[in-house]
Student: 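The structure that follows is given in the form of structure tokens.
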Amino acid sequence: MLDLNITMLFQLVNFFVALFVLNILLIRPIRDIIKKRKGIMDDMSEEASSFESQATERLNNYEATLAHARQDASAAREDGRTAGIQEQQKLVADAQQKAHSILAEARTSLQAQASEALAALRKQTDAMASTLADRLIKG
């Protein structure tokens, strides 16, 4: 069984004195260091959260700007396509008008040449008929 004597009392006092000294020399400084590190970690965590929210905000702004740029590019592409179609239609209309005018000029020129040739042939026919009639009569 446990024997209670003065040695036990000295050991108990020695234990509490050692605990008191260790508390002053080791435990309190370690607690302070742990508190400081926890404060630093909390500050770093808040700073990281702030950086993360800023990065998310910047990413959202970038995506919004990119979407706006895509819309602008699409609108510009459509404007260019519309302008190209209008220019194509204008060029086709001009070409058709020039073709019609060239055809009209060619027809007019051909009709003029045909009437000149017909007139020349009629003169030659009259001259040939007279010559033939003279030969027949003389002949």
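What you see below is based on every heavy atom in this structure, not just the backbone, and it leaves out hydrogens, waters and symmetry mates.
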Student: Using side-chain contact (heavy atoms from CB on, under 4.5 Å) as the criterion, list what pairs up with N60, not counting sequence neighbours.
Tutor: T56, E63
Student: List in chain and number order the residues that pass side-chain contact (heavy atoms from CB on, under 4.5 Å) with L66, two or more places apart in sequence or in another chain; answer none if no residue qualifies.
Tutor: Y62, R70
Student: Pairs in or reaching into residues 40-49: which pass side chain to side chain donor-acceptor pair (under 3.5 Å), with residues at least two apart or in two chains?
Tutor: none
Student: Which heavy atom in S130 sits nearest to a heavy atom in D126, and how many Å separate them?
Tutor: OG-O, 2.7 Å
Student: Could you go through residues 72-83 and list every donor-acceptor pair under 3.5 Å that involves a side-chain atom there, pairing it with any protein atom two or more places apart or in another chain?
Tutor:
{"residue": "D72", "atom": "OD2", "partner": "H68", "partner atom": "NE2", "Å": "3.3"}
{"residue": "E78", "atom": "OE2", "partner": "R81", "partner atom": "NH1", "Å": "2.9"}
{"residue": "T82", "atom": "OG1", "partner": "E78", "partner atom": "O", "Å": "2.8"}

Student: Going by the rule side-chain contact (heavy atoms from CB on, under 4.5 Å), which residues pair with E57 if we only count those two or more places apart in sequence or in a different chain?
Tutor: N61
Student: For residues 15-40, pull every pair meeting salt bridge (charged side-chain N to carboxylate O under 4.0 Å, His left out), keeping only residues two or more places apart or in separate chains.
Tutor: none
Student: Using a 4.5 Å cut-off between side-chain heavy atoms of Ile, Leu, Val, Met, Phe, Trp and Tyr, which other residues end up in the same hydrophobic cluster as I85?
Tutor: none
Student: For residues 87-105, pull every pair meeting side chain to side chain donor-acceptor pair (under 3.5 Å), keeping only residues two or more places apart or in separate chains.
Tutor: none
Student: Check the hydrophobic clustering (I, L, V, M, F, W, Y; side-chain heavy atoms under 4.5 Å; chains of links allowed) and say if V13 and V21 are grouped together.
Tutor: yes
Student: Quick one: pull up CG in L19 and CG in N14 and give me the separation to the nearest 0.5 Å.
Tutor: 11.0 Å
Student: Hydrophobic clusters join Ile, Leu, Val, Met, Phe, Trp and Tyr when side-chain heavy atoms are under 4.5 Å apart, directly or via other members; which others share one with F10?
Tutor: I6, L9
Student: Listed by chain and number, what are the side-chain contact (heavy atoms from CB on, under 4.5 Å) partners of Q54, not counting sequence neighbours?
Tutor: S50, F51
Student: Can you measure from CZ (F16) to CG (N23) and round to the nearest 0.5 angstrom?
Tutor: 12.5 Å
Student: Any chance you could pull the hydrophobic cluster mates of I24, using side-chain heavy atoms under 4.5 angstrom and chaining through other members?
Tutor: F20
